[in-house]
*Asks:* 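One structure is given below, represented as structure tokens, and several questions about it will come after.
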Amino acid sequence: MNVFQEFQQLNIEKKAFINGKYVEAVSGATFEKVLSYNGETILSGITRCEKEDIDIAVDAALDAYTSRIWCDKSPTVKKKVLLRLALLMEEHRRELALLDAYETGRAFRNYYEDSIPKAIDAVRYFAESVDKLYDSAVPARERDAAIIKRVSLGVVGLITPWNDPMVVTCWKLAPALLMGNSVVLKPAEQSSLSAIRLAGLAKEAGMPDGVFNVVPGYGEIAGEALALHPKVRGISFTGSCFVGKKILQYAGQSNMKRVTLECGGKGPYIVTDKCRNIKRAAQVLSENMFYNQGQICSAPSRVLIHQSVMNEFMDELKKESRRFIPGDTFDSENVVGCVVSKEQYEKVQHYIDDAKKNGNKVWQCDEKKVHPEHAFCIPPTIITNVNPLDPIAREEVFGPVVTVIPIKTTEEAVQIANESEYGLAGAVWSDDLNEAYMVSNAVEVGLMHINSYGNDDNSAPFGGVKQSGVGKDKSVYAFDDFSDKKTIWMHIEYPR
Ligand code: NAD
């Protein structure tokens, strides 16, 4: 049986998950969409939640929260449930990978070998951390003492994107649940099936009804209703800057709920004339730029390279890019599938066409792999002859498109790197540690790599500065985004 036949054997659940049950929308509405892996197949029947469904899900989450059935459980008990969830995800790893591949067109192999294991690791990391966290106390004095304890927020909404559905979901879901909150998750309309399945697995793992709900639906209807909801105390969002700004507005218009945002990026990748391993720098760039067709928020899509090493780097990069030629989503040999949708394909293609019109030089890998006839695939694309102010060099393309800009000095590279509204992740390649450290301090991003990229693990906080976001996913700092601090001050009276 090949991978696609294996997918066809699945019994796919398409309904929302509210209060421990799979349910249809009150209106009976469902989605219909064309899948990108062949541009033809229509996926229909996924429940499309609207405002009234969000109200029902939030009420269920609030009832579960006020019953204290989950939030008062000890950290050790919560940990056990989440570890059971991780185990079930492991058992259903192929199924989760098949569902995400089918909906998003990204290669099954990439989901199975990389993305789903990362999501499982994230659940385990948070579960294993929660009973090692300490609360704190103020400096003790003779007749007073105070503890400062983490408390849950209440009902928390999670709004997630399609580019790495399970990883982003687990980065948020695990710390949100472990801090005692009840959760309503609104997955992206392009990738709902794995989230719907995850809810069933969580129930099987022992999650009480109402604590974890999944409400598939359109962003501007279901997402907006969730972010505006007066009973929701926190929203954790990953997606575009455009929608991130709306989420902040919704919080202001409603109840000043806590907002954390992981938004876009335009990662600077600085290679100085002190970098000796140009081949490795090109290899690491292509690995982080071209997998998943470049649909990666932290993609190092702006190379700023010393002019003396540019030619060598370009030759290596072109060679390396051949490892990431898009092919059939369900071919188990392929590591790269296609882009998520026709709309995304057209957006990326538009950037490439505009660059050509602008006089930028566009190189595209001309090798081809077999993929279904109408699949939306874009070959690795390298753009040179670029002014740092050109749209292609400043805006997030979210496709396999990298701009390479020669620089004369390292100071110039830092200046260009910082002339950006984004600040998610970046890198510097240099064998002079003083220089590398100086550049790492100066570049305005949340995560800086030296002579590497993307090999940070769950212990490293992930999140941007400037318009790349507010707050952190991953690491024990993520618990802060899903909890508040409460002080209990005690005065002790006793005779002297
Ligand atoms: P998007 O902003 O269009 O959608 C993200 C989510 O928001 C989806 O669930 C969508 O339904 C919902 N949404 C849309 N409009 C909404 C509204 N008015 N109110 C409430 N919710 C709404 O983003 P996308 O196209 O799905 O994802 C790509 C973007 O996500 C890129 O910009 C990428 O950089 C970013 N991203 C960032 C990170 C990170 O960690 N920083 C990770 C992955 C993706």
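When a ligand or atom number is given, it counts from 1 through the structure's own listing order. Everything quoted here is computed from the prediction, not taken from an experiment.
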*Asks:* What part of Gln190, side chain, backbone, both or neither, has a heavy atom within less than 4.0 angstrom of ligand 1?
*Replies:*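 Neither part.
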
*Asks:* Using a 4.0 Å heavy-atom threshold (strictly under), name the region of Ile247 that reaches ligand 1: side chain, backbone, both or neither.
*Replies:* side chain

*Asks:* Which residue holds the protein heavy atom closest to atom 13 (N) of ligand 1, what is that atom called, and what is the gap in Å?
*Replies:*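 Heavy-atom neighbour on the protein nearest atom 13 (N) of ligand 1: Gly219 CA, 3.3 Å.
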
*Asks:* Please work out whether the ring planes of Tyr22 and Phe17 are parallel, tilted or perpendicular, with thresholds of 30° and 60°.
*Replies:* perpendicular

*Asks:* Name the orientation class of the two ring planes belonging to Phe479 and Phe126 (parallel below 30°, tilted from 30 to 60°, perpendicular beyond 60°).
*Replies:* perpendicular

*Asks:* Check for me whether the distance between the ring centres of Tyr37 and Phe330 falls short of 6.0 Å.
*Replies:* yes

*Asks:* Using a 4.0 Å heavy-atom cut-off, which part of Ile159 comes near ligand 1: side chain, backbone, both, or neither?
*Replies:* side chain

*Asks:* Does ligand 1 come near enough to Trp171 that some N or O of the ligand is less than 3.5 Å from an N or O of the residue?
*Replies:* no

*Asks:* Taking only heavy atoms of Gly223 into account, list the atoms of ligand 1 that are under 4.0 Å away from them.
*Replies:*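 Counting atoms of ligand 1 from 1, those under 4.0 Å from Gly223 are 19 (N), 20 (C), 21 (N).
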
*Asks:* Consider ligand 1: state whether an atom of it lies below 4.0 angstrom from any non-hydrogen atom of Tyr250.
*Replies:*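 A heavy atom of Tyr250 does come that close to ligand 1.
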
*Asks:* Do me a favour and list the nearest non-hydrogen protein atom to atom 24 (P) of ligand 1 with residue, atom name and distance?
*Replies:*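 Looking at atom 24 (P) of ligand 1, the protein heavy atom closest to it is Trp162 NE1, 3.3 Å.
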
*Asks:* With nothing but distance in play, are any N or O atoms of Thr160 less than 3.5 Å from an N or O of ligand 1?
*Replies:* yes

*Asks:* Report the residue from Val386, Val271, Leu285, Val303 that forms a side chain to side chain contact (heavy atoms under 4.5 Å, CB included) with Val404.
*Replies:*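 Of the listed residues Val386, Val271, Leu285, Val303, the side chain to side chain contact (heavy atoms under 4.5 Å, CB included) partner of Val404 is Val303.
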
*Asks:* Can you check side-chain hydrogen bond (donor to acceptor under 3.5 Å, both in side chains) on Gln364 and Thr381, steps first, answer last?
*Replies:* CA-CA 4 Å; Gln364 288 195 302; Thr381 305; 2.8 Å; yes

*Asks:* Among all the protein's non-hydrogen atoms, which is closest to atom 42 (C) of ligand 1, and how far away is it?
*Replies:* Cys297 SG, 3.0 Å

*Asks:* I need the contact type for Ala227 against ligand 1. Using non-hydrogen atoms and a strict under-4.0 Å cut-off, is it side chain, backbone, both or neither?
*Replies:* neither

*Asks:* Please report which non-hydrogen protein atom sits nearest to atom 43 (C) of ligand 1, along with the residue it belongs to and the distance in Å to one decimal place.
*Replies:* Asn163 OD1, 3.2 Å

*Asks:* Give, for atom OG of Ser254 and atom NE2 of His229, the distance between the pair rounded to the nearest 0.5 Å.
*Replies:* 10.0 Å

*Asks:* With a 4.5 Å limit on heavy-atom distance, are the side chains of Phe462 and Leu447 in contact?
*Replies:* yes

*Asks:* May I ask you to identify the nearest protein heavy atom to atom 28 (C) of ligand 1, giving residue, atom name and distance to one decimal place in Å?
*Replies:*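 Scanning the protein heavy atoms, the shortest distance from atom 28 (C) of ligand 1 goes to Phe398 CE2, 3.6 Å.
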
*Asks:* Where's the contact between Glu262 and ligand 1, heavy-atom distance under 4.0 Å: side chain, backbone, both or neither?
*Replies:* both

*Asks:* So, does Gly464 sit close enough to ligand 1 that a heavy atom of it is under 4.0 Å from the ligand?
*Replies:*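 The answer is no: ligand 1 sits nowhere under 4.0 Å from a heavy atom of Gly464.
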
*Asks:* To check your reading of the model: name the closest protein heavy atom to atom 23 (O) of ligand 1, its residue, and the distance in Å.
*Replies:* Ser240 N, 3.4 Å

*Asks:* Show the nearest heavy-atom pair for residues Met207 and Leu177, with the distance to one decimal.
*Replies:*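 For Met207 versus Leu177, the nearest heavy atoms are CE-CD1, 3.6 Å.
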
